Chemist: 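Before I ask anything, here is the structure I am working with.
In listed order, ligands and their atoms are each counted from 1. Residue numbers start at 1 and run along the sequence shown. Side chains included, hydrogens not; waters and symmetry mates left out as well; all remaining heavy atoms used. Keep in mind that what you see is a predicted model, and the values were worked out from it rather than measured.
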Amino acid sequence: MRIGHLRVNHLREPLGYDLTNPSFSWIVSDTDSKRRDKVRLRVFKNDECLYDTGMTAEADPLGTELPLPLLPRTRYRWRVAAWGDSGDRGEAEAFFETGKMGEPWQGRWICPGEEKNAILEKTFFLEEAPKKGRIYITGLGLYRLFVNGRPASDEVLTPGLNAYDRWVQVQTFDIGERLRQGENKLEIWLAGGISRGRFSYTPADGYEYCPYDCAVAELHAETEAGETVIATDESWRWRASPILESSIYDGEVWDPGREARRGSASLCAPPVGPLRDRFSPPVRIVRERKAQRVITTPRGETVLDMGQNMVGWLRFPARGPKGTVLRLQFGEQLERGCFSRANLRTAKAAFEWRCDGEERMAEPFFTWYGFRYVLLEGFPGPVDPADFIGCVVSSDLEEIGSIQTGHAGLNRLIENVRWSQRGNFLDVPTDCPQRDEREGWTGDAQVFADTACYNMDCAAFFTKYLTDMWEEQQKAGGCVPYVVPFARNRTKGFEGGAVGWGDAAAVIPWTLWLHYGDKSLLRRQLSNMRAWMEWVAGRGDWASACRHFGDWLALDRPEEPTERVGKTDVGFLCLCYACYSAELTARAALTVRDPALARRAQALADVYRRRLAEAYFTPEGELLCPTQTACVLALHLRLAPEPEKIREMLCRLVREAGHLTTGFLGTPWLLEELPAEAAWDLMLWEDYPSWLYEVKLGATTIWERWNSLTEEGCFSETGMNSLNHYAYGSVAAWLYGRACGLRPLPEAPGFRRFRWEPKPDRRVGCVKCSLRSPYGEIRSEWRYEEAELELLLTVPFDSEAEACLPDGRRELLGPGTHRFWVRDGKAQER
Ligand code: BGC
C-alpha cells in the first residue's frame, strides 16, 4: 500500500500559508485492499506528538480537520498510517510550517520615497552561515526578492493580486541556503502592479490601492549562537532599478545602463489592509516553449510565432550596440498575414529594452501578456527563433484530468480549454489575459468552475478567490461585485449584484465540495453563500436593482447584433439563479450542520420556485420565455413543472435555429439537457456558431465570442474580442461528465461514489479519460470496434461507481478495473 499526495488545506507542504483550521488529506494506492479499515493521523512538533487520532475509522482522507494549537513560524510534521481491509498497511509523512499568524511585526513598512520601480536593499553581516533562514515578506504593487544576487524563490508576480484594501498576503521563503557567513544582501525589486499601476478604470489621479511602492520584511536567521532578525526599517537604502516603466496592461521598459540613483528608504504608513499569511498557490513559469518560426509579413514586419496562444512573456538574449532600442509588441492574431493588436483596446502590451552594449538576458518582471505573435522591432541582424523562449506563467496547479479522443478537432478543443485555464488562472481567475481588463469576473469563473475542477486541482486556488470575495462582500452588505478583487470603486462607485455573476458566491463553493469532498471548504465559504442569498432576498425586485449581463453574448437577438445581453428575460434568470443559489446554500448548511440556515434557505428557494412557476409557465407547463438558455436553466435546475415539454421545446429551438444560440449562462449545461445524439451533433458541428468552428479556424485557446474572428481570420466588428476567454470552454465539463461519463455525486462528494454513465458516439470512435480524483486515479474509456463497443472503468481504492451502461443496465462497481462490451444493444462484462 502506498500513501501519497499528502496535503494540508490542499497545498503540498505549505510554508507560511494561512493554516487556521488545517484540513489534512491523502491518497491511498497500490493496494490489494478495496476498502479502508482504519487510519491514524499524528502531528508532531520536533519529536513531541501534539495530536494523535488513534486508530480510527473516522478520519476522512478527503479532509480531516484537526484542532491544533499552532504556533507562529513553526514547522510541524504529520504522519498518516492506513490499514486496508485485506490487512495491508501504509504510512507516509509530510510537513507544514506556519507563517507569522498575526504576531506583531518587527519589520516596518518602508518605501523608496516617491521613486517608482525602485529596489530596496540592505546589506548585513552574519557571524556564521545560518542553519535555518526564513523571510516573511510582502510588497506592493508587486515585488521580487533577491538574496545575494539570486532570486529567493521561483515564484513570480508576488504578492499576488487581491483586495489589498482588506488584506495583504505575506509570503514566507526558505532562504537558508542562500545566506552565508559574512556579508549578505537583500534586494526587493518593486513595481506598481495593480496597486499603483494602471488597472481596471484607474482614475486620473493614478492608482487603485496605494500611491507609492512599498515593502515590509523580516528575516529570521538561526545560527548556533542564536537568532538574528533583519527587518525593514529606515536603515534600508534604495536604488533605481533598470525598469523605467512597468504596467500590467502596457508592459515594461528596461534601461539596464541607466544611472542608478540612490537614497535612503523611508518609513511609510501601512498603505492598506492588514498583513495576513498567504492563501494564493504560487504563480510560476510552469513551462517554457520555443518560438516556432519567424515570419516576414506582407507589411515587411518581423513577427515571431509561438505556435500557441499563451500567457506569460518572452526571455531572450538582448544584444546590440549601446543605444539600440529593442521593441516587442504582443498580439494574438495575424490579420491578413500582418501583426495585429486590434483587440487589445488601450493595453500597449509591449516590452522595450534599451541596450547598453552588453549582452544580457532580457525578460519582464512585473507584467504579463496574452499572445501568440510577437512583433520585433529594432533587432539588429537576422532573428533566430531559437533565441526566444516563451515563459508560460500560471498559478501552479496540479493538472488532474485529461481526455484523448479519436477526433482530432475535439482533442484540439480540449487542449484549447486547458490553455485558456492555464493562461487565465493567474492568481485570480481572469476573464482574459491580454486587453486592458484581466479582471476576476465572477460570472466567467462561476460558469467555468466545474470544468476547472476536472482539469486541475483548484481547491486552494478558488479558496483564495473566495476569501477575497468574502472580503468584498463584507464591504457591500453581502453583495458580490462584478469582479473580485474589486479595484474599481474609486472611479465608478460600487458595481455588483448581477445575476449569474454574484452567484459565484454559492456555485463555486458547492462545486469545490462536489469535486473534492472536503467539508472544510464548504464551512469556510458558507458566509459567502449566506450573505449573497440574503442580499438577493433583500432586493425585492432584483432584476431592476442593478445592471445585469443576462445571458451574456448569446446569439438569440440577430436583429440587434451589437446587443450583448441575450434575449432570455432577466427577470426569469433572476428567479432561476435566486432559487439555485438558495438551494445550494440550503444543502451546504445541512452538510455543515446549520439547520436554521438550511430551513431559511430552503424556504426562500421554495418562494422563488413558486414565483417562477406563476410568472413564466402556463398552467399547462409551457415556458413563456422561449429561448434555448431559458429551457436549459429550467431543466437543469429542475424548475420546469413539465420537464419533457421543455426538453421538446429546447430540441425544437435548436432545430429551428440550426445551431446553438446560448451565451455565458446557457452554454455550460446546454449539451447536458439535450438527448445524447443531439448533444453530440452540436459538439461536432464545425460551422458557425460552434466550438469546433473556432478550432477549424486555427484557434489554440477558447474565444470570447462564437464569432470573435471572421472566416478570413480578422477580428469581427462586434468589438470586445478576446481570443483567450475560458467561459465557453465550460463545455469540457460535459466531455468529462457525460461523454466520458464521470460525475461526482452530491450525496458522496469527492468521487467517494460517482456516476459512470458514458455517452459514446461512433463519430468520435473512442475516448480515454483519466482523472486523478481525491480517491486516486479513475479511468474511463470507450472504443468502437466494428459492431462492438468496448468500455472500461477503473475505480480507485475505497471508492465506488454507480454505473449506467449504454443498454440501461445499472450496477454498483467497486475498486478495480471493469471491462464491458456492448453488442446488439446488450452490455456484458468481460
Ligand atoms: C468580460 C466578461 C465579463 C463581462 C461582463 C467583459 O468585459 O470580458 O467576460 O463577464 O464583461 O459582462
Chemist: For Arg587, check salt bridge (charged side-chain N to carboxylate O under 4.0 Å, His left out) against everything at least two apart and list the hits.
Modeler: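 By the salt bridge (charged side-chain N to carboxylate O under 4.0 Å, His left out) rule, Arg587 matches no residue at all.
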
Chemist: Between ligand 1 and the protein, which N/O pairs are shorter than 3.5 Å?
Modeler:
from: ligand 1; atom 1: 7 (O); to: Glu437; atom 2: OE1; distance (Å): 3.1
from: ligand 1; atom 1: 7 (O); to: Glu437; atom 2: OE2; distance (Å): 2.7
from: ligand 1; atom 1: 8 (O); to: Asp431; atom 2: OD2; distance (Å): 2.7
from: ligand 1; atom 1: 8 (O); to: Arg435; atom 2: NH2; distance (Å): 2.7
from: ligand 1; atom 1: 8 (O); to: His725; atom 2: NE2; distance (Å): 3.2
from: ligand 1; atom 1: 9 (O); to: Asp444; atom 2: OD1; distance (Å): 3.3
from: ligand 1; atom 1: 9 (O); to: Asp444; atom 2: OD2; distance (Å): 2.5
from: ligand 1; atom 1: 9 (O); to: His725; atom 2: NE2; distance (Å): 2.8
from: ligand 1; atom 1: 10 (O); to: Asp444; atom 2: OD1; distance (Å): 2.5
from: ligand 1; atom 1: 10 (O); to: Trp501; atom 2: NE1; distance (Å): 3.0

Chemist: Are Asp687 and Lys696 close enough for a salt bridge, meaning some N to O gap below 4.0 Å?
Modeler: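 Yes, Asp687 and Lys696 are salt-bridged.
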
Chemist: Got a sec, which residues hit ring pair (Phe, Tyr, Trp, His ring centres under 6.0 Å) with Tyr580, two or more places apart in sequence or on another chain?
Modeler: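 Only Tyr577, Trp669 meet the ring pair (Phe, Tyr, Trp, His ring centres under 6.0 Å) criterion with Tyr580.
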
Chemist: In chain order, what residues pass the ring pair (Phe, Tyr, Trp, His ring centres under 6.0 Å) check against Phe448, with sequence neighbours excluded?
Modeler: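 Phe448: ring pair (Phe, Tyr, Trp, His ring centres under 6.0 Å) contacts with Tyr726.
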
Chemist: Under 6.0 Å between ring centres, would you say that holds for Phe664 and Tyr728?
Modeler: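 Phe664 vs Tyr728: aromatic centres under 6.0 Å.
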
Chemist: Just by distance, no angles: are the side chains of Gln446 and Asp503 close enough, under 3.5 Å, to form a donor-acceptor pair?
Modeler: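 No pair is found: no donor N or O on one side chain lies under 3.5 Å from an acceptor on the other.
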
